[in-house]
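As structure tokens, the structure follows; a few thoughts come after it.
Lettering of chains follows the sequences in order, A, B, ..., and the numbering in each one begins at 1. Only heavy atoms go into these numbers, but all of them, side chains included; no hydrogens, no water, no symmetry mates.
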Amino acid sequence: MKKTCLHQCHVDLGAQMSPFGGFDMPIQYRGIVEEHNAVRNACGVFDVSHMGEVDVKGPDAEKFVNYIFTNDVTGAPVGQCFYGMMLHPTGGVVDDLLVYKRGENHFFLVINAANIDKDVDWILSHRNGFNVEIDHLSDSLGELAIQGPEAEKIITEVLGIECADLGFYTFKELTYKGKPIIISRTGYTGEDGFEIYCDHALTVEIWNALLASGKVEPCGLGCRDTLRFEVGLPLYGDELSDDITPVEAGLSMFVKLDKDDFIGKDAIAKQKAEGSKRKLVGLELQDRAIPRHGYEVLNENDEVIGEVTTGYHAISVDKSIAMALVDADYAKLDTPVKVRIRRKTFPAVVVKKKFYKKSYKQ
Amino acid sequence: MKIYYAPSHEYIKVDGNVGYVGITDYAQKALGNVVYVDMPEVGDEVEAGEDFGAIESVKAASDLIAPASGEVIEVNEALADNPRLVNEDAMNNWIIKIELSDPAELDNLLDEAAYAKVCEAEH
């Protein structure tokens, strides 16, 4: 199993470790609830060095990124970040990713750990006919996510990095302690926050400085999942997959059908015109019982109409809630359904997927 | 009351023909914050080695395995509203109370010393 550059730090902190995306990763240190609340109320730091990075540059870089990526990077300013997906021709999702525009015809792609090999193969297999240079940087870069309402203040004061000038979904490149870093105002928690990419040694140095300040909670992947779930952000493998499309997942806004040809465009255009058969919805249960990934969703006649993609007794809203992929006939708000949890079924109602309000800084 | 332990981290405290079944302190620590306890109903039959419910942390659901067979004569209703009681005092916040149907099954369980070794091996 792979290890991030911070692996020993996690072990030394007594983290509960578990495999994720091919890496031995920290699930929690002090506890998921404490870590979750630290991010909602103050500041937490996550080791997300397991994420993959691919650099794309060359005369056709913009054209190439627009061909493999659903969002539209045409003519964007340097320093802009984009969320979107790479699609199969069927419209299913190869991966969801962030794209950073580093220069005219220079882009940086941040991909999911579990999909690194698949994505790199995918990217390389579609480069024919494009004049681009593709560098796979996953093994040489670390990544930290510093998240929460205090993040800007702490990065400024503890690390001495000016970041107040960054707007949401923008980034800058600078030299810090003699080394190049990328810092973006991005994240996966629904709170204000930043992500920093740099080499392994500097990743460890920044991590240690943040913890030594006593103002930043070390946070594991356990609360990363509860945080992103509460604000309705998808996780590849749960809400997105090779056979779930962005239309079904409610992410059509990140697929720009008005740009030139890109992989999956025709399938998505067709699905949007015809309407998708399945839709990702929010569910709320009255009971405390917890709907988990893979549990069946039933209609009032006990027929299976879909399944739960992620569910929790959510920490910030104190309710048993879920995201579920269901037959589109049952996707309207307030539709009564049921969830099978072990040997019983529990009544639930379709609600909005944004269970908790995001607090991004614009 | 004599306490017996199962390698799957349940205990049963035996008082005559009645057993109080819960999860051990080791188990509650490993689980972290308990957010839900799925319990059977009074009158249900539980069977040694079979699951009778589940206990859930934020992250995951774990089956509860009956250490002995019998009829459920009471469930700990306090856990429905306040599952965290299991974290506060696992050994006293039992989950179900059963009428033992075959007390000889208790001989298959572990005593405190043997159970401590199981925990040590897992650690």
Side-chain angles (χ1 to χ4, degrees), chain A residues 11 14-20 25-37 39-40 219-230 235 238 285-295 308 310-322 339-346, chain B residues 8-10 21 23 25-47 49-66 71-72 75-88 90 93 95-96 119-120 122-123:
Chain A
V11 172
Q16 184 186 317
M17 306 293 291
S18 190
F20 181 85
M25 295 298 288
I27 300 305
Q28 58 175 346
Y29 307 84
R30 205 150 65 91
I32 292 179
V33 175
E34 291 83 353
E35 294 164 27
H36 176 108
N37 288 330
V39 172
R40 287 270 181 264
C219 293
L221 296 186
C223 79
R224 186 167 159 86
D225 201 51
T226 56
L227 288 159
R228 69 89 191 165
F229 163 72
E230 284 183 347
L235 172 64
D238 287 347
L285 280 71
Q286 274 78 55
D287 198 272
R288 285 187 72 92
I290 303 163
R292 304 278 185 188
H293 178 89
Y295 288 6
V308 171
T310 306
Y312 282 107
H313 190 87
I315 296 165
S316 300
V317 292
D318 193 26
K319 282 177 185 164
S320 285
I321 49 181
V339 181
R340 186 187 302 287
I341 300 178
R342 290 176 291 276
R343 60 208 182 282
K344 297 179 208 161
T345 61
F346 292 86
Chain B
S8 51
H9 304 291
E10 293 84 7
V21 179
I23 67 160
D25 191 53
Y26 176 88
Q28 72 78 15
K29 277 194 195 124
L31 277 172
N33 304 311
V34 173
V35 291
Y36 182 68
V37 187
D38 182 0
M39 295 180 283
E41 284 168 27
V42 172
D44 285 355
E45 292 284 339
V46 301
E47 202 168 324
E50 304 277 317
D51 67 279
F52 68 84
I55 188 156
E56 306 206 30
S57 66
V58 175
K59 192 81 197 136
S62 309
D63 285 339
L64 290 164
I65 311 290
E71 185 185 327
V72 178
V75 301
N76 187 352
E77 294 290 354
L79 299 180
D81 295 327
N82 192 6
R84 297 277 310 251
L85 289 171
V86 174
N87 294 117
E88 286 164 23
N93 287 298
I95 296 167
I96 55 168
C119 297
E120 209 171 302
E122 280 188 17
H123 208 70

Original post:
With sequence neighbours left out, what residues match B:Tyr36 under ring pair (Phe, Tyr, Trp, His ring centres under 6.0 Å)?
Top reply: none

Subject >> Proximal component of A:Arg292, with respect to chain B [non-hydrogen, under 4.5 Å] >> reply: side chain

Original post:
Is the number of heavy atoms from other residues, nucleotides or ligands within 6.0 Å of NZ (A:Lys344) greater than 12?
Top reply: yes

Original post:
Are there more than 12 heavy atoms of other residues, nucleotides or ligands under 6.0 Å from atom CD of B:Glu120?
Top reply: no

Original post:
Under a 4.5 Å cut-off applied to non-hydrogen side-chain atoms, are B:Val58 and A:His36 in contact?
Top reply: no

**OP:** Identify the heavy atoms of A:Arg343 and B:Met39 that sit nearest to each other, and give their distance.
**Re:** NH2-O, 3.6 Å

Original post:
A:Arg288 and B:Pro83: which non-hydrogen atoms are nearest, and at how many Å?
Top reply: NH2-CG, 3.8 Å

Original post:
B:Val37, B:Asp63, B:Asp38: which one forms the most heavy-atom pairs within less than 4.5 Å of chain A?
Top reply: B:Asp38

Original post:
Under a 4.5 Å heavy-atom cutoff, which of B:Gly32, B:Ala61, B:Ala80, B:Gly53 has the most pairs with chain A?
Top reply: B:Ala61

**OP:** Salt-bridge test for A:Arg342 and B:Asp51: reply yes if a basic N is under 4.0 Å from a carboxylate O, no otherwise.
**Re:** no

Original post:
For the atom pair CG (A:Leu221) and NZ (B:Lys59), what is the distance rounded to the nearest 0.5 Å?
Top reply: 7.5 Å

